[in-house]
J.: 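Can you keep this structure in mind? I'll have questions shortly.
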2 protein chains.
Amino acid sequence: MKPITVLLVDDHLVVRSGLKALLGTQPDIDVVAEAASGEDALALAEQLSPAVVVMDLAMGPGMDGIEAIKQLRRQNARQAVLVFTTYDSDADIVRAVDAGAMGYLLKDAAPEEIFAAIRGAVQGKSVMSAPVASRLFQQLRNPDEILTPREAELLSLLIEGLSNRELGRRLFISEATVKTHLAHIYAKLGVETRAAAIATAIRREGMR
Amino acid sequence: MKPITVLLVDDHLVVRSGLKALLGTQPDIDVVAEAASGEDALALAEQLSPAVVVMDLAMGPGMDGIEAIKQLRRQNARQAVLVFTTYDSDADIVRAVDAGAMGYLLKDAAPEEIFAAIRGAVQGKSVMSAPVASRLFQQLRNPDEILTPREAELLSLLIEGLSNRELGRRLFISEATVKTHLAHIYAKLGVETRAAAIATAIRREGMR
DNA sequence: GGGCGTATCAGCCAAATGGCTGAGAGACCA
DNA sequence: TGGTCTCTCAGCCATTTGGCTGATACGCCC
């Protein structure tokens, strides 16, 4: 039985070496290379074709994890990509899965969970940490929460801190209409005040 | 020459083992224990009195890093505390330094920088990563914008989306006082509404 | 043609928020 | 001792926001 070859991608040296040490305890998992950037990851994946790529999403300047996953898919490499990141923002999860990630793990996952995810990934099984899965599930289960294009537009201005009057001016609609849209947005987000809407919107979407 | 004893505190196993491996390459640095929570950290610090405590700020549920630092100071332990974290938010830096941290390192710091910080810490030298230092410098240059501890506390709840009444209840103060604090916060942040305050706070501080 | 979703607007009223002034208590420092 | 900072609270008033009901118009689909 050949060991599973793994490429680690993370811009933090300590995370790479920690993960490497952790995976080193498993005889059937073999870390063959490490990359500190998306660019390096692509080159190494091409060159070594590891079975699994374990990738952080946030990677400082340059190509981010999502973009790296997309590129990997394009250069029709057949390795499975596992996202291994600190935060479970809704937008990141959706984007990563969309880009072709096989799994989504949080950095505080138990070691066994990480091993299982890697073994599962090579067999085409998709694995995600419990909190991640529940978030994704909620998104799918609750189509009510999908904002209309206009609402999304308004929300994106709302989180800039604009008042109703300013929102109306910016979108060429009356304040009354602004209030209507806001009421719908609040209902969909499950909040009651604009402050809470801003807070949850930024957190849910990873917006900045 | 006795080696410098170090206690690692981070809720992520991979970070701990990576850092341990990294520090293990230095003969004069000796990792004597690891803790995954603030509570554990306090107990271990008491028991082992390491020379330096290297601590992450974000640590899941329970006591956060800042609180752990404060407690460490209180139980008049003489170990130097080095903050070792992913993000360089303004508020975190100020709060950590305020709580008594000797240094503030980012996780993507170079290994040499980390070693130097630990060696410096035992000699009472405070070390921080370049981006952190520049932020702190800006804060000092602009004393108007420094929030008082109470204001920072209020702000951190504000960005959760709480109303004035809820803020008052949570902090055991009247709504009138909440409004006073808010007015000061708005002035310091240069905004006029709570929505804008939330938006700029989250953007400026990288809060989540 | 009749629904359905989306976007637009109005008016009314209660509640929340923000701006203002003023003030007392405690801590810290020169 | 006096000055400064911080935290606390009060009252007043204008503005903003949120909840409600109801309405028109456009496009899409069956």
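From a predicted model like this one, the values you see are computed outputs, not experimental measurements.
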J.: Could you tell me whether B:Arg169 and B:Glu166 make a salt bridge, using a distance below 4.0 angstrom between a side-chain N and a carboxylate O?
T.: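 No, this pair does not count.
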J.: Does B:Asp56 come within less than 4.0 Å of B:Lys107, counting only side-chain N to carboxylate O?
T.: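 Here B:Asp56 pairs with B:Lys107 in a salt bridge, since their nearest N and O are under 4.0 Å apart.
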J.: Looking only at side-chain atoms of B:Ser163, point me to the closest of C:dT17, C:dC9, D:dT8.
T.: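 Selected nucleotide: C:dT17.
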J.: To the nearest 10 degrees, how far apart in direction are the end axes of the helix from C:dG1-D:dC30 to C:dA30-D:dT1, each fit to five base pairs?
T.: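 Comparing the axis at each end, I get an angle of 40°.
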J.: Rounded at 0.5 Å granularity, tell me how far CG in A:Asp10 sits from NZ in A:Lys20.
T.: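 So the gap between those two atoms works out to 13.5 Å.
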J.: Is it the case that the side chains of A:Thr177 and A:Ser174 hold a donor-acceptor pair, with the cut-off being a distance below 3.5 Å and no angle test?
T.: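 A:Ser174 vs A:Thr177: donor-acceptor pair found between side chains.
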J.: Starting the side chain at C-beta, find the nucleotide from C:dT8, C:dA16, D:dT16 nearest to A:Arg165.
T.: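 Within the option list, the nearest is D:dT16.
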J.: Output yes when at least one side-chain N/O atom of B:Arg150 is less than 4.0 Å from OP1 or OP2 of D:dT8, else no.
T.: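 Looking at the OP1 and OP2 atoms of D:dT8, one of them is under 4.0 Å from a side-chain N or O of B:Arg150.
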J.: If I take atom CD in residue B:Glu175 and atom P in nucleotide C:dA15, what distance separates them, rounded to the nearest angstrom?
T.: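 Going from B:Glu175 (CD) to C:dA15 (P), I get 13 Å.
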J.: Quickly work out the A:Leu155 CG to C:dA7 P distance and round it to whole Å.
T.: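 Rounded to whole Å, this separation is 13 Å.
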J.: What nitrogen or oxygen pairs link the protein and nucleotides 18-22 of chain C at under 3.5 Å?
T.:
unit_1, atom_1, unit_2, atom_2, d
C:dG18, OP1, B:Tyr186, OH, 3.3
C:dG18, OP1, B:Arg194, N, 2.5
C:dG18, OP2, B:Tyr186, OH, 2.8
C:dG18, O3', B:Glu192, O, 3.4
C:dG18, N7, B:Lys179, NZ, 3.1
C:dG18, O6, B:Lys179, NZ, 2.7
C:dG19, O6, B:Lys179, NZ, 3.2

J.: Quick check on C:dC9: is either OP1 or OP2 less than 4.0 Å from any side-chain nitrogen or oxygen of A:Thr177?
T.: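 Answer is yes, contact under 4.0 Å.
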J.: Quickly work out the A:Leu171 CG to C:dA7 P distance and round it to whole Å.
T.: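 That distance rounds to 11 Å.
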